[in-house]
Amino acid sequence: MNGPARSGSIIVSIVVVSALLAPWFLPGDATTQDLPNRLQGPTWEHWFGLDELGRDILARVLLGARVSLLVGIIVVGVSSIAGMVVGGMSGYYGGTVDQVIGRVMDVLMAFPGMLLAIALVAVRGPSLVNVVIALAVIGWVGYARLVRGQVLRAREFDYVTAARALGASTIRILGRHVLPTALPALLVQATLGMAGAILSEAALSFLGLGVQPPTPSWGTMINGGRVHLLDAPHLTIFPGLLLAAVVLGFNFLGDGLRDAIDPRRRHSA
Amino acid sequence: MLRYVVRRVLLAVPVLLGVATLVFSLIHLVPGDPAQAMLGDGAAPQDVIELRQSLGLDQPLFTQYAAFLRRAATGDLGTSFRTGQPVTTMIAERIPATVELAVAAMVVAMVIALPLGVIAAVWRGTAIDYGAMTFALAGVSIPNFWLGPLLAIVFAVELGWLPVSGRGTLGHLVLPALSLGLALAAILARMTRASLLDELNELYVRAAQARGVSRAASITGHALRNSFVLLLTIVALQFGVVLTGAVITETIFAWPGIGRLLIQSIGFRDYPMVQGCILLIAVTYVTINLLTDLMYGVLDPRIRLG
């Protein structure tokens with residue numbers, strides 16, 4: 001494993017493990033209010049301080065990590081599966097199927113990604129489910145284009161022709177012989193996609209279009225902290241730090257994986 | 001060349017039609033009755049009926065679609081539900097602010113990215129390269145909705161050097177442009193490095209050095225000049241990042257542009273205005289991509305002849 005991939009996996013592992021084990025090692029929970037000490041800065045008891053309702057920010061940030069990671073996993077999972085199916089069909093069948101899918105992808109790519117997500121959540125209403133749907137709607141296109149390109153290349157290979165000549169079904173040819181060649185590139189895209197999905201969810205929540213209070217989300221926490229920028233900047237600083245760290249971790253991991261599977265990049269880097 | 005331009009423009013037509021169709025369908029994705037949603041649950045039934053009629057929602061879907069396309073083609077995007085003013089007029093008032101912010105952010109990005117990318121490429125594999133690229137990756141990872149408030153704390157609140165929000169003087173522009181430009185700078189620095197590395201490996205650069213041209217001159221006079229064609233394209237294509245980022249940056253710094261208008265309109269469920277803003281941003285994005293393609297075709301004969 002190269003340097004960036006190692007750094008990325010360490011950062012991501014720390015956040016994942018902390019988010020999962022938070023209820024067992026934190027002294028307080030994310031909902032307990034200590035109103036007399038509201039907006040208190042970091043102390044030995046509350047490492048990240050207390051928010052405007054006297055809730056422990058560390059506990060809320062780690063609970064927010066669960067939300068962000070869950071959104072990332074679902075969005076990447078749905079987008080990559082949809083992208084594999086659609087991109088695989090588009091590349092393998094070609095002709096009219098490819099043309100129709102290509103035009104739909106062109107239209108979706110004509111929108112700056114986040115803008116379309118904002119539009120969809122704006123009309124469907126702010127909620128975590130709608131955020132996931134919106135991010136998956138814009139997310140699958142990247143995977144489909146990647147898989148389509150790989151399939152177009154792979155379907156010309158002799159072993160694919162041989163499988164077809166032996167009577168293998170289309171699903172078998174795609175599943176056993178064609179799509180596996182796209183898996184390394186998909187893995188890189190999915191890792192970078194996690195960073196993108198987490199950042200987008202936080203941005204939508206920041207704009208008031210994503211996760212709704214009292215469920216903690218990094219974006220919502222940063223937005224809530226803006227009111228107290230002068231008297232309690234820790235409300236904004238800590239959720240943002242963790243968000244930036246996780247996104248950086250996934251970007252490091254994705255970059256490292258890309259270098260690892262592409263020798264040309266490794267040597268030019 | 002003319003054939004290339006005509007072909008590329010014709011290819012953009014179905015995309016624009018698709019964009020308009022998607023924007024039209026937005027109001028029909030509202031759960032339940034859009035008119036009821038805009039007026040709220042407590043609205044009188046007569047008011048809901050009247051709003052539905054004024055939005056044309058009582059017409060058959062195809063009639064609504066045809067009317068939407070006809071009006072959009074003539075620049076009529078309907079009337080704002082909140083203010084009663086034409087959507088086009090309200091958007092037109094906000095365009096200068098968004099253009100000003102976008103251009104300033106791109107200038108910030110280029111001023112930071114070009115030296116960073118060049119330094120990283122020239123000293124490839126050294127601590128300088130790793131430092132520059134780690135900085136670039138960090139820049140991509142830091143959300144601008146977090147960076148913006150932090151910049152405001154330091155430069156507006158603590159140091160008092162710059163105004164915290166609003167638009168008017170050059171000072172008002174600095175923090176929003178910096179907040180929006182840094183993420184773009186990070187992307188561009190990586191692209192600059194990659195593009196320059198490709199050029200530095202080309203034979204013509206080695207040939208120039210073999211003829212006695214200094215390393216610095218071969219980089220600035222030969223390799224970097226050729227990289228600029230690709231970089232110019234990338235800068236233009238990143239305009240989408242700037243437009244989307246502007247939605248958030250304008251909200252943070254109370255910058256009176258289209259992005260802020262969009263978020264305010266979402267809050268008021270002013271769907272005609274939301275549709276208008278989305279359509280304008282998407283059409284601008286498609287047009288810039290088209291112009292970039294055409295420009296790339298002019299600069300690089302392989303593209304227009306390919």
Side-chain angles (χ1 to χ4, degrees), chain A residues 3-4 7-8 103-104 106-126 130 192 195 198-200 202-209 218-219 222-223 225-226 229-230 233 236-237 239-241 243-252 254-255 265 268-269, chain B residues 11 14-19 21-23 26-31 34 37 124-125 129-130 133-134 137-138 140-147 149-150 152-153 157 194 197-198 201 239-245 247-248 251-252 262-263 265-267 269 271 274-275 278 281-283 285-286 289:
Chain A
S7 312
R103 294 296 80 78
V104 172
D106 281 349
V107 171
L108 289 176
M109 297 285 280
F111 286 88
M114 261 297 283
L115 183 74
L116 190 56
I118 289 172
L120 289 174
V121 179
V123 293
R124 295 298 301 169
N130 287 339
L192 295 171
I198 289 171
L199 206 51
S200 300
L204 288 169
S205 296
F206 173 83
L207 291 170
L209 301 172
W218 291 336
I222 293 171
N223 191 28
R226 283 169 62 206
L229 266 183
L230 295 179
T236 306
I237 290 172
L241 262 183
L243 171 61
V246 169
V247 174
L248 184 66
F250 277 112
N251 278 335
F252 264 144
D255 252 29
R265 281 181 60 92
S268 72
Chain B
L11 276 175
V15 173
L16 284 172
L17 191 64
V19 166
T21 307
L22 199 53
V23 172
L26 280 178
I27 199 162
H28 296 280
L29 293 174
V30 174
R124 178 181 59 171
D129 180 20
Y130 288 122
M133 286 305 101
T134 303
L137 207 56
V140 179
S141 309
I142 294 174
N144 65 349
F145 54 86
W146 183 58
L147 183 65
L150 289 189
I153 290 178
V157 178
L197 275 180
D198 282 345
N201 285 331
F239 203 72
V241 176
V242 176
L243 287 175
T244 313
V247 174
I248 294 169
T251 305
I252 295 168
L262 171 65
I263 297 302
S265 305
I266 291 172
R269 293 187 182 173
Y271 295 128
V274 171
Q275 283 180 306
I278 301 279
I281 296 175
V283 169
Y285 187 49
V286 173
N289 282 353

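The chains referred to below are lettered A, B, ... by the order of the sequence lines, with proteins before strands, and numbering in each begins at 1.
Note: P112(A) leads P112(A), P239(A), G225(A) in heavy-atom pairs under 4.5 Å with chain B. Ranked by non-hydrogen atom pairs under 4.5 Å with chain A, the options L137(B), V157(B), I266(B), V286(B) are led by L137(B). Counting heavy-atom pairs under 4.5 Å between each of L17(B), I263(B), L22(B), V15(B) and chain A puts L22(B) at the top. Highest contact tally toward chain A, considering only P31(B), A37(B), P14(B), G18(B), is held by P31(B) [criterion: heavy-atom pairs under 4.5 Å]. Each of A203(A), A195(A), G125(A) has some count of heavy-atom pairs under 4.5 Å with chain B, and the biggest count is that of A203(A).
Residue L230(A) touches chain B through its side chain alone, counting heavy-atom pairs closer than 4.5 Å. In this structure, no portion of I198(A) lies under 4.5 Å from any heavy atom of chain B. Looking at F145(B), the atoms closer than 4.5 Å to chain A (heavy atoms on both sides) sit in the backbone and in the side chain alike. Only the side chain of F206(A) comes within less than 4.5 Å of a heavy atom of chain B; its backbone N, CA, C and O stay farther away. Using a 4.5 Å cut-off between heavy atoms, I142(B) contacts chain A through both its backbone and its side chain. Residue contact with chain B, scored on non-hydrogen atoms closer than 4.5 Å, involves the backbone and the side chain of I237(A) alike. At a 4.5 Å heavy-atom cutoff, the contact between L150(B) and chain A is made by side-chain atoms alone. Looking at L26(B), both its backbone and its side chain come within 4.5 Å of chain A, counting heavy atoms on both sides. Heavy atoms of V283(B) lying under 4.5 Å from chain A are absent altogether. For L248(A), the parts lying near chain B are the backbone and the side chain together; criterion is any non-hydrogen pair under 4.5 Å. Only the side chain of I153(B) comes within less than 4.5 Å of a heavy atom of chain A; its backbone N, CA, C and O stay farther away. Contacts of I252(B) with chain A are made by both backbone and side-chain atoms, with heavy-atom separations under 4.5 Å. For L29(B), the parts lying near chain A are the backbone and the side chain together; criterion is any non-hydrogen pair under 4.5 Å.
Residues passing the side-chain hydrogen bond (donor to acceptor under 3.5 Å, both in side chains) test with R103(A) are Q99(A), D106(A), sequence neighbours excluded. In this view, N289(B) satisfies the side-chain hydrogen bond (donor to acceptor under 3.5 Å, both in side chains) rule with no residue, not counting sequence neighbours.
By the 4.5 Å heavy-atom criterion applied to side chains, I118(A) and L204(A) are counted as neighbours. Residues F111(A) and V23(B) meet the side-chain proximity criterion, which asks for heavy atoms closer than 4.5 Å. Contact check for L243(A) versus W146(B): no side-chain heavy atoms found under the 4.5 Å cut-off.
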